[in-house]
Amino acid sequence: MQFRTFALSAILAAATLVNGQRGCGVSLTDIQVEAQEAHFKANKVTPEFSIAATTINVQFHVVASGTTLAGGYIPDTQIQAQIDVLNSDYSDSGITFVLANTTRTINSSWFQNAGPSNSYQTAMKNALRTGDAATLNVYTVGFKSSSTSGLLGYATFPSSYSSAPKDDGVVFLFSSVPGGSTTNYNGGQTLTHEVGHWLGLYHTFQGGCSGTGDSVSDTPPEASAASGCPVGRDTCTGGGADPIHNYMDYSYDSCMTEFTAGQITRLKSQIATYRGL
């Protein structure tokens, strides 16, 4: 299926650490979401739900400043642990992530400076990205520069692929992998969250208490992102308590435990429409 070039190709979803709490670095405006949803509605493909499972090949790019762990040179054991976390967190979706290949690149400039839409990340992706729309390329970096400090990760949405295929993928903090050194965010759920965007999911708090929110009917409305693990938090009247345990909120890794059935239905349709899966 052919798609017209989508004008929102530069839209990213980013997560940052602010005062030790997960926070939003780049947010989508209501207008951007409306345009993205209109495009999805006009081109929507209903997935073949009779297929029991979908396999996504992962190209894992380790970008480091040197060969030490502190310099981002994470070992194969942590990479495999991260893949295992993805498969555990997405176990109800029918998606299986397979580590297809690992690359290791020593490039201090990319490690320190790569960030949303800047020239460092563009050069990095142009050099390293491989595969097609159905291939998940992930990059671990350090986010050490003044302009990227505090970032946990960012991702592109499926609808962006046709107009910017080399930009497609997830960039995230090397120390957020399982066993990493980022306190409260070292269980591997940063990648789970960012891959959710790559599969077409918004934050649970998108749009606040009004409008269509995250375009999923079974996630309760949420006025703002959660932090920590505030059990019983309820920021919008009606609809139930905030979905603080959802992977698409901003709770601690240890607090994140679920995707809803509606989110799974949405991501399957997103990847059938835009990723050919």
Side-chain angles (χ1 to χ4, degrees), residues 1 3 6 8 11-15 22 24 26-54 56 86 88-95 155-161 189 192-227 229-251 255-277:
M1 180 177 290
F3 297 104
F6 189 34
L8 298 183
I11 288 179
L12 300 171
R22 198 189 303 262
C24 188
V26 177
S27 61
L28 301 178
T29 67
D30 290 344
I31 292 175
Q32 288 173 322
V33 170
E34 287 172 8
Q36 195 158 264
E37 290 306 298
H39 188 272
F40 180 41
K41 183 178 180 180
N43 296 282
K44 189 174 182 178
V45 173
T46 301
E48 193 66 53
F49 284 102
S50 61
I51 298 176
T54 298
I56 293 178
L86 277 182
S88 177
D89 292 349
Y90 282 89
S91 60
D92 291 337
S93 72
I95 294 175
T156 57
F157 286 93
S159 53
S160 301
Y161 181 82
Q189 277 68 44
T192 298
H193 176 101
E194 297 302 339
V195 169
H197 292 311
W198 187 83
L199 295 170
L201 300 181
Y202 297 121
H203 294 137
T204 54
F205 49 87
Q206 177 67 46
C209 297
S210 61
T212 59
D214 64 353
S215 299
V216 176
S217 61
D218 62 355
T219 54
E222 187 176 22
S224 59
S227 62
C229 193
V231 175
R233 180 178 188 254
D234 190 356
T235 56
C236 295
T237 302
D242 292 354
I244 66 163
H245 298 297
N246 198 282
Y247 293 116
M248 301 313 294
D249 206 339
Y250 272 5
S251 309
C255 191
M256 292 179 164
T257 59
E258 64 183 10
F259 289 111
T260 67
Q263 285 175 312
I264 291 171
T265 296
R266 176 181 169 83
L267 69 83
K268 284 185 173 181
S269 188
Q270 280 272 314
I271 61 178
T273 301
Y274 295 114
R275 298 200 181 280
L277 290 168

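Quick note: numbers below take in every heavy atom, side chains included, and nothing from hydrogens, waters or symmetry partners.
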Result of checking I264, T265, L199 against S93 for side-chain contact (heavy atoms from CB on, under 4.5 Å): I264
Can you see which heavy atom on P220 is nearest to which on P243, and at what distance? O-CD, 3.6 Å
So, does H245 use its side chain to make a donor-acceptor pair with the main chain of C255 at under 3.5 Å? yes
In short, R233 meets S224 closest at the heavy-atom pair NH2-OG, 2.8 Å
Contact summary for F259 and T192, nearest pair of heavy atoms: CZ-CG2, 4.0 Å
Reference residue T260; test side chain to side chain donor-acceptor pair (under 3.5 Å); the match among D218, D92, D214: D218
Are the side chain of Y90 and the backbone N or O of G196 linked by a donor-acceptor pair below 3.5 Å? yes
Could you tell me how the ring of H197 sits relative to the ring of H193: parallel (under 30°), tilted (30 to 60°) or perpendicular (over 60°)? perpendicular
Hey, does the side chain of Y274 reach the backbone of F40 with a donor-acceptor pair shorter than 3.5 angstrom? yes
Parallel, tilted or perpendicular, as decided by the 30° and 60° cut-offs, for the rings of Y250 and F205: perpendicular
Under a 3.5 Å distance rule, please check whether S227 uses its side chain to pair with a backbone N or O of S251 as donor and acceptor. no
C209 versus T237: any side-chain heavy-atom pair under 4.5 Å? no
Determine, step by step, whether I56 and W198 satisfy the side-chain contact (heavy atoms from CB on, under 4.5 Å) criterion, reporting the C-alpha distance in whole Å, the side-chain angles of both residues, the deciding distance to 0.1 Å, and the verdict. CA-CA 12 Å; I56 293 178; W198 187 83; 4.0 Å; yes
For the side chain of D249 and the backbone of A226, is there at least one donor-acceptor N/O pair under 3.5 Å apart? yes
d(Q189 CD, M248 CE) to nearest 0.5 Å is 12.5 Å
Locate the shortest heavy-atom distance separating G200 from F157; write the atom from each residue and the value. CA-CD2, 4.4 Å
Does I95 offer a backbone N or O that forms a donor-acceptor pair with the side chain of T54 under 3.5 Å? no
Between P158 and R275, which heavy-atom pair has the shortest distance, and what is it? CA-NH2, 3.5 Å
Minimum heavy-atom separation for G238 and P221, please, with both atom names. O-CG, 3.8 Å
Got a second to check how far T204's OG1 is from Q263's CD, nearest 0.5 Å? 7.5 Å
Can a donor-acceptor pair be found, under 3.5 Å and without considering hydrogens, that links the side chain of R266 to the backbone of L201? no
